[in-house]
Amino acid sequence: MKETKMSEPSILEQLKKASCAEEFFELLGVDYDPKVVNVARLHILRRMGQYLFSEDLCDLDGATVTQRCKDFLERAYQDFLTSTPIDERLFKVHKDAVKPAAPPALVQLNVLK
C-alpha cells in the first residue's frame, strides 16, 4: 500500500484560519510591539490585505508567497509605527469623521422673513 503524505497547508490557508493579529505575526515570523498591535490591529491587517490584493500571487511558489506575505505584514506594521489609524483612514468611520458636512437640503419656512 502506498503512503500518502499530508501536505502542510499553504501560508494563505493558515492565515485565513488565524483568529487574531498576533497569529499573523507569529505565522510569518514578524517581530512586533504588542502596544502597537493593541491599538492598530485591524488597521494593520486591513492594510496588509490591501497590499496582498495589489499583487498576483497565483503563479508563485509557496516560499515566495510566504516571503511576500511577510513583507506585506512588515510594511503594514511600519505604516502604523509612523502614523495613526485616524491619519490613515482605512475604515469608513474614519473617512466619514473628516468628511465635510453636507449643506441642508431645504430651507425651513420659519427661517424665512
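We count residues from 1, following the sequence as given. All figures in this text were calculated on a predicted structure; none of them were measured in a lab.
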- Side-chain contact, heavy-atom cut-off 4.5 Å: Leu57 with Thr64? no
- Message: Using 30° and 60° as the class boundaries, would you call the ring planes of Phe25 and Tyr77 parallel, tilted or perpendicular?
- Response: perpendicular
- Point-to-point distance, once rounded to the nearest 0.5 Å, from CG of Asp71 to CD of Glu74: 6.0 Å
- Reported CD-to-OH distance for the pair Glu26 and Tyr32, which is rounded to 0.5 angstrom: 5.0 Å
- Message: If I take atom CE from residue Met48 and atom NZ from residue Lys70, how far apart are they, to the nearest 0.5 angstrom?
- Response: 12.0 Å
- Is it true that the side chains of Gln50 and Arg47 contain a donor and an acceptor less than 3.5 Å apart? yes
- Item | Rounded distance [0.5 Å steps], NZ in Lys16 versus CD1 in Ile11 | 12.0 Å
- Message: Would you say that Ser10 contacts Val65 through its side chain, given a criterion of any heavy-atom pair below 4.5 Å between the two side chains?
- Response: no
- Closest approach of Ala18 to Glu23 (non-hydrogen atoms, all atoms of both residues): CA-OE1, 3.4 Å
- Message: If you count heavy atoms of other groups shown closer than 6.0 angstrom to CG of Asp61, is the number above 12?
- Response: yes
- Query: In Å, rounded to the nearest 0.5 Å, how long is the span from CG of Leu52 to CG of Leu45?
  - Reply: 10.5 Å
- Beyond-backbone contact of Asp33 with Leu81, side-chain heavy atoms, under 4.5 angstrom: no
- For Tyr51 and Ala76, the nearest pair of non-hydrogen atoms, with its separation, is CE1-N, 3.8 Å
- Message: Measuring from atom CD of Glu22 to atom CG of Leu27, what distance do you get when rounded to the nearest 0.5 angstrom?
- Response: 12.0 Å
- Message: With a 6.0 Å cut-off (strictly less than), is the heavy-atom count around CG of Asp31, excluding the residue itself, greater than 12?
- Response: no
